[in-house]
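Just so you know, ligand 1 is whichever comes first in the structure, and atom 1 is the first atom listed for that ligand.
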Amino acid sequence: MKSDIIIIGGGASGLMAAYGASKALAQMGKVAQVTVLEKMPRVGRKIMITGKGRCNFTNLKSWNEFSGHIRSKANALKPALYNLTSQGMIDFLSGRGLECVVERGDRAYPASYHASDVVDTLLGAAKHFGARVVTDCEVSAISLVDGEFIVETPSGQWTGKKLIVATGGLSYPSTGSTGDGYKWARSFGDEVTATFPSLTAMVPKGYKNYDPKAPQDMKGHIDRSEPLSDIGNALAGVQLKNVGVTLYVGGNEVQSEFGDIDFTDGGIEGPVGFAVSRNCVKAIVNGGKTALVVDLKPGVPEADILARVKTLWNEIQKDPRSRRLNFKEMLRVLLGKLMPWDLIPGFTRSNPDILQGKKGNERIDFNLLASLLKAWRFEIEGYVGYERCVVTAGGVSTDCITPKTLESRKTPGLYYCGEVLDADCDTGGYNLQVAFSTGLLAGESAAKAL
Ligand SMILES: Cc1cc2nc3c(=O)[nH]c(=O)nc-3n(C[C@H](O)[C@H](O)[C@H](O)COP(=O)(O)OP(=O)(O)OC[C@H]3O[C@@H](n4cnc5c(N)ncnc54)[C@H](O)[C@@H]3O)c2cc1C
C-alpha cells in the first residue's frame, strides 16, 4: 500500500496534520495521497475525554503569556503557534460551523460543550481535502529504505515519501497513546528526553494502603487503583477553594500557588495540585524528598488565627447549646467554624494531636491547631502514573527538529507533532493548542516538501 504522506496517529495532532497536508496539496494543485493510520477503532479518543468531555481546546492568551505555560523549550514551538494561533483555531472550528465560547481564564470550548463535535469537525476537514483515514491499524515498526519510509501494520506494509509521527505520549493508554513514537524516534537517532507523568495526583504518605516494597515501574509510581487508607477515605471527595499550596523538595521551597485543590481517590489534585505536580513528580523520579504544605487561611497571619481560635472556643464553651455536647463534639463545632465541614474527619484523623489529654480531661492544642491551619504538611511519597495523568512530560527533544517545519534534522522527510514532542504544558487548553499547531505545521511542511 502506498501513500505520499503517512501520518501515524489519528489524535489531535494527527488529524490536524492530515488536514494541513491535504489542504496544502490542494492549494498547490498537487495530486498526492495523505493517509492517517490509527490503531484504535475510532480517531480522536483522547480528545473525547478532554476537559471532562467538554474539550477545552485552546487558550486565548497572548504568546508572551501562553509560552509561560509551556513547560519545555517554548521557542521551538513558536513558529507552529504563530502559524496556527489560538484565535486561528477558533476561526478554524467556527468557520466549519462549530460555534465556540471563551470562559474564565481565556479557555475556549465548543459552545455545545461536546468534545465529539471537535473530533467530527477535524475529521470532516481532513476528509474534505481528500485525506484517507484507516482505523484499527496499529503500526508496529517503521524504517527508511532507499529514501522511502516503510511502515509495518498487521494488514500489510505501507510505503511513503514523508512520514509524520503523531502518536501522542503515554498518558491514558486506554485511548491508544502508548508511547510508540519514542522508540521509533530513538531508532532514527533522535533524542528522547526522559518522560514522566505530569498534571497528575500526588499521593501523601499514609493516604493509600499499598505495599511500598512492591516493585515499581517508575520510582514513586502508586497506581490509581491502590486502595485508600482510613485517612485517604476521610479526605477523598473534599474540595478546597482558595488555599495556598507550597511545594518543598529536599526542604527547599520550589513552587508556591494559590487556588483550589481536590482530594480524590488518587491523592491531591485539582487545578493547584496539577500546577505543582510536574515539579513534584520530577523530583520524586530523581530521588528527591517532596512535601506539600497547604495554607487553609492564606493572607491571615498565624498569630491572628490563634487569637481567633481561642475566641471561638470561648464562645462555644459559653454557648448553652454546648452543654449537650461532649468535648469531641465541641471540637467539631470549633473546626466547623474554621474549615469546610467535609474536611473535618480527614483533618482530625490526619492530625490527632490537636486533641490532648485523657477522656474527661481533654484539651485542645491551640498552637498546633493554628499552625496546621496555616501550614498543613503532607509528605508526598508518590504519584499517580500514566494510567491517569493528563499529559506526558519529556519526549522527542525539540533540539532534534527544525522549528519552522518540525522535520527531523537527522532524517529528512520525518516529522513529529503533538505530545510525542517534549512539549508539555499546564492545564487550560495549552496542550491541545500545541497539538493542533504542531500538527498543522508538520502537515503543511510535509506537503510543501513533496
Ligand atoms: C483526561 C485528559 C483530559 C485532558 N484535557 C485537556 C484539555 O481540556 N485541554 C487540553 O489542551 N489538553 C487536554 N488534555 C491533553 C491533550 O488531550 C493531549 O495533549 C493531546 O490530545 C495530544 O494530542 P496528540 O495528537 O499528540 O496525541 P493523542 O491525542 O494521544 O493521539 C495519538 C494517537 O495516536 C494513536 N497511536 C499511537 N500509537 C499508534 C500506533 N502504533 N499505530 C497507530 N496509531 C497509534 C493513538 O491511538 C492516538 O489516537 C487532556 C488529556 C487527558 C488524558
Heavy atom under 4.0 Å from ligand 1: found in [X]'s side chain, backbone, both, or neither?
{"X": "W184", "result": "side chain"}
{"X": "C55", "result": "neither"}
{"X": "K46", "result": "side chain"}
{"X": "S140", "result": "neither"}
{"X": "T178", "result": "neither"}
{"X": "F57", "result": "neither"}

Winner among [options] once heavy atoms are compared against [atom]:
{"atom": "atom 39 (C) of ligand 1", "options": "V36, D180, L15", "result": "D180"}
{"atom": "atom 2 (C) of ligand 1", "options": "D424, I49, V43", "result": "I49"}
{"atom": "atom 37 (C) of ligand 1", "options": "G395, G176, G9", "result": "G176"}
{"atom": "atom 25 (O) of ligand 1", "options": "G10, S13, C425", "result": "S13"}

Only heavy atoms of [X], strictly under 4.0 Å: list the atoms of ligand 1 that pass.
{"X": "A435", "answer": "23 (O)"}
{"X": "A166", "answer": "32 (C), 33 (C), 34 (O)"}
{"X": "M40", "answer": "47 (O)"}
{"X": "N431", "answer": "11 (O), 12 (N), 15 (C), 19 (O)"}
{"X": "T175", "answer": "47 (O)"}
{"X": "I8", "answer": "42 (N), 43 (C)"}
{"X": "L37", "answer": "43 (C), 44 (N)"}
{"X": "Y172", "answer": "1 (C), 53 (C)"}

> Do C55 and V119 pass the side-chain contact (heavy atoms from CB on, under 4.5 Å) test, and can you show the C-alpha distance, the side-chain angles, and the key distance before you say yes or no?
Replying inline: CA-CA 10 Å; C55 189; V119 178; over 6 Å; no
> How many angstroms lie between atom NZ of K410 and atom SG of C400, to the nearest 0.5 angstrom?
Replying inline: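 SG of C400 is found 6.0 Å from NZ of K410.
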>> With rounding to the nearest 0.5 angstrom, report the NE2 to CG distance, H114 to L98.
In response: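 Answer rounded to 0.5 Å: 11.0 Å.
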>> I'd like to know if I47 contacts ligand 1, where contact means a heavy-atom distance under 4.0 Å to any ligand atom.
In response: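 Judged by the 4.0 Å heavy-atom criterion, I47 does not count as contacting ligand 1.
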[atom]: the protein heavy-atom neighbour that sits closest, reported with distance to 0.1 Å:
{"atom": "atom 26 (O) of ligand 1", "result": "E419 N, 2.8 Å"}
{"atom": "atom 42 (N) of ligand 1", "result": "V139 N, 3.0 Å"}
{"atom": "atom 47 (O) of ligand 1", "result": "E38 OE2, 2.6 Å"}
{"atom": "atom 13 (C) of ligand 1", "result": "T50 CG2, 3.8 Å"}
{"atom": "atom 50 (C) of ligand 1", "result": "V390 CG1, 3.4 Å"}
{"atom": "atom 27 (O) of ligand 1", "result": "G168 CA, 3.3 Å"}
{"atom": "atom 31 (O) of ligand 1", "result": "G11 CA, 3.3 Å"}
{"atom": "atom 30 (O) of ligand 1", "result": "S177 OG, 2.7 Å"}

Tell me whether [X] is salt-bridged to [Y], with the criterion being a basic N under 4.0 Å from an acidic carboxylate O.
{"X": "D426", "Y": "R71", "result": "yes"}
{"X": "E148", "Y": "K2", "result": "yes"}
{"X": "R388", "Y": "E269", "result": "no"}

Do [X] and ligand 1 have an N or O pair less than 3.5 Å apart?
{"X": "N56", "value": "yes"}
{"X": "A12", "value": "yes"}
{"X": "Q433", "value": "no"}
{"X": "G51", "value": "yes"}
{"X": "K39", "value": "yes"}

> How far apart are the C-alpha atoms of D422 and T193, what are their side-chain angles, what is the distance that settles it, and do they pass the side chain to side chain donor-acceptor pair (under 3.5 Å) test?
Replying inline: CA-CA 7 Å; D422 181 359; T193 59; 2.9 Å; yes
> How about T167 and D180: does a side-chain donor come under 3.5 Å of a side-chain acceptor?
Replying inline: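 Judged by distance alone, the side chains do not pair up.
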> Just checking, is any N or O donor in the side chain of N64 or S62 under 3.5 Å from an acceptor N or O on the other one?
Replying inline: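 Absent: no donor and acceptor within the cut-off.
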> A108: what forms a side chain to side chain contact (heavy atoms under 4.5 Å, CB included) with it, not counting sequence neighbours?
Replying inline: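 Partners of A108 under the side chain to side chain contact (heavy atoms under 4.5 Å, CB included) test: F57, T58, I90, V102.
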> Where do Y415 and S445 land on the side-chain contact (heavy atoms from CB on, under 4.5 Å) test, with the steps shown first?
Replying inline: CA-CA 9 Å; Y415 301 79; S445 306; 3.7 Å; yes
>> Just to verify, which of L144, I7, I142, I5 counts as forming a side-chain contact (heavy atoms from CB on, under 4.5 Å) with L163?
In response: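 Of all the options given, the one that passes is I142.
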> Under 6.0 Å from the NZ atom of K30, do we count more than 12 heavy atoms belonging to anything else shown?
Replying inline: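 More than 12 heavy atoms, drawn from other residues, nucleotides or ligands, come within 6.0 Å of this atom.
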> In this structure, are over 12 heavy atoms from other groups packed under 6.0 Å from K183 atom NZ?
Replying inline: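 Atom NZ in K183 is packed in, count exceeds 12.
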> Mind checking whether F196 and Y383 have ring centres under 6.0 Å apart?
Replying inline: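 Here the rings of Y383 and F196 have centres that are no less than 6.0 Å from each other.
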> In terms of the angle between their ring planes, are W376 and F378 parallel, tilted or perpendicular, with boundaries placed at 30° and 60°?
Replying inline: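 Plane angle between 30° and 60°, so tilted.
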>> Parallel, tilted or perpendicular: which one describes the rings of Y207 and F263, with boundaries at 30° and 60°?
In response: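 Because their plane-to-plane angle is under 30°, the rings of Y207 and F263 count as parallel.
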>> Go through it in stages, so that I can follow the logic: the residues are D265 and R224, the test is salt bridge (Lys or Arg N to Asp or Glu O under 4.0 Å), and I'd like the CA-CA distance, side-chain angles, deciding distance and then a yes or no.
In response: CA-CA 7 Å; D265 60 329; R224 180 112 190 175; 2.7 Å; yes
